[in-house]
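Here's the structure we're looking at; comments come further down.
We name chains A, B, ... by the order of the sequence lines, and we start the count at 1 in each one. For the numbers below, each heavy atom of this structure counts, side chains included, while hydrogens, waters and symmetry mates do not.
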Protein chains: 2
Amino acid sequence: MSKAEPKDHEFLSAASLGWALAKLLRDYQKQVEAALNGLPGGSRSFLVMSIVDRERCQSQISIAEKIGLDKTTLTYLLDGLEGQGLIKRVTDPNDRRSRHIVLTEQGVKALAQHSKAVQAVEHGLLARLGGDEAKLFQTWLFRVAGVGEGFKPPLDEAETAEICRASLASESR
Amino acid sequence: MSKAEPKDHEFLSAASLGWALAKLLRDYQKQVEAALNGLPGGSRSFLVMSIVDRERCQSQISIAEKIGLDKTTLTYLLDGLEGQGLIKRVTDPNDRRSRHIVLTEQGVKALAQHSKAVQAVEHGLLARLGGDEAKLFQTWLFRVAGVGEGFKPPLDEAETAEICRASLASESR
DNA sequence: TGCAGATCATCTATTTTATAGACGATATTA
DNA sequence: TAATATCGTCTATAAAATAGATGATCTGCA
């Protein structure tokens, strides 16, 4: 089939960024969902647990804002987690309107276990890049996404340069 | 040295990748939605139009598979576009079960216009990276996402090295 | 003190979106 | 020709997001 070479100048067509992001996220969530095996709320609940684990004593509303979920969505995600005994809602003694979310002992164990699974998924997805490239990729991803607080990007500027150098050495030939 | 420093080894906590992706995609879609100003189906319809534009004569099912949508979802996205007179469904004369989707004249115009808007959004989002870094980032993103057919990644291996070198020069100091 | 207004979490209802299954039309194979 | 498979649509259902109302509590102020 003689297919004329199609338009090389269009390499970076609009929507390509969104498409790649959407596809990658879809794959990610599918794999994570599978790896999380029955955690009610799937990858989002896992994210909630991660946040709770690292920044305790958050009100629900602050958690919701941080993750970018609606507060009512968070409510039923927490319902699910609480139903499984993975988190507890503790009334803030200083402000009895708000709840502190804390992991139960069981929740801590579950989180550790699930973290491994999720990390394996992430590792698998990034396997198409070299190890250092993967780190740099993530650094940039965090920067582009404006994700700075809560999760720290893996590398600082100096390390970035170092990895760039290595990547350059191995890839350019 | 006791542990004033909190867990630097944990920099790359599980779920961080998914979170950054989700946040970035949310921002992207919100901005695109706004920029697309009334296109029914929003960013997804736009993507459909892009695909249709570049690879004509696709059956609906092949389009759906390529984008990763359910065929029934595609049906109502196309309904919307057809309702606005942006695309037409043409029965394949060789297989009267399937429809070829083609842009109308009006659709071509709309696509061109919307493409500019979307590109502006993408450009804005990537503005946190240097220009060459942005290209390299996209190249890697495409590779990780496994997006190769349909949209070509912006750079080949040799160019990658070149940009890496430049990025290194400007960033390492 | 008591009242007005704001905030936190929940609940309810609505809307939107995704998924599953059946269907009619057509194609392919044996 | 009969049996089976495919394409696109439709209908019904399920899952999720969103908006608004509610009850409990807090704050500030007269």
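Side-chain atoms of Ser98(B) never come within 3.5 Å of backbone atoms of Asp92(B) as a donor-acceptor pair (strictly under, hydrogens ignored). Looking only at distances, a side-chain donor or acceptor of Thr104(A) sits under 3.5 Å from a matching main-chain atom of Leu86(A). For the pair Thr91(B) (side chain) and Arg96(B) (backbone), a donor-acceptor distance under 3.5 Å is absent.
Counting atom types as modelled, Arg97(B) pairs a side-chain N or O with a base atom of dT6(D) as donor and acceptor under 3.5 Å.
Of the candidates dC26(D), dG8(D), dT19(C), dC26(D) carries the atom nearest the Asp95(A) side chain, counting heavy atoms from C-beta on. Closest to the Gln60(A) side chain, of the nucleotides dC7(D), dA27(C), dA9(C), is dA9(C). Nearest to the side-chain atoms of Ile61(A) among the listed nucleotides dA9(C), dG8(D), dA16(D) stands dA9(C). Out of dG8(D), dT19(C), dT10(C), the shortest distance to the side chain of Arg99(B) is found at dG8(D). Distance from the side chain of Thr72(A) is smallest to dG20(D) among dG21(C), dA18(C), dG20(D). Side chain of Ser59(A), nearest nucleotide from dA17(D), dA27(C), dA9(C): dA9(C).
The distance from atom CG of Leu74(A) to atom P of dA16(D) is 15 Å, rounded to the nearest whole Å. In this structure, CG of Asp79(B) is placed 7 Å from P of dC10(D), rounded to the nearest angstrom. In this entry the distance linking NE2 of His100(A) with P of dT25(D) reads 16 Å, nearest Å. Whole-Å rounding puts the Lys71(B) NZ to dT17(C) C1' distance at 17 Å. Residue Leu77(B) contributes atom CG, which lies 12 Å from atom C1' of dA18(C) at whole-angstrom precision. The nearest whole Å value for the distance from the CG atom in Asp92(B) to the C1' atom in dT28(C) is 15 Å. At whole-Å resolution of the value, CG in Asp70(B) and C1' in dA20(C) are 9 Å apart. Going from atom CD of Glu33(A) over to atom P of dA18(C) covers 15 Å, rounded to whole Å.
Using a 4.0 Å cut-off, no side-chain N or O of Thr75(B) falls inside it from OP1 or OP2 of dG8(D). Side-chain N/O atoms of Tyr76(A) include none lying less than 4.0 angstrom from OP1 or OP2 on dA15(D). The side chain of Arg44(B) contributes an N or O atom lying less than 4.0 Å from OP1 or OP2 of dA18(C). An OP1 or OP2 oxygen of dT9(D) is reached within less than 4.0 angstrom by a side-chain nitrogen or oxygen of Arg89(B).
Ion pairing between a basic and an acidic side chain is recognised when a charged N comes within 4.0 Å of a carboxylate O; Glu133(B) and Arg143(A) show such pairing.
Ser98(A) comes within 4.0 angstrom of the backbone, heavy atoms only, and of no base.
The 5' end of DNA chain D is approached more closely, in terms of each residue's nearest nucleotide, by Leu78(B) than by the other of Leu78(B) and Pro93(A).
Side-chain contact check for Ile101(A) versus Arg89(A): some heavy-atom pair is nearer than 4.5 Å.
Note: His114(B) and Phe46(B) have perpendicular aromatic rings, judged against thresholds of 30 and 60 degrees for the angle between ring planes.
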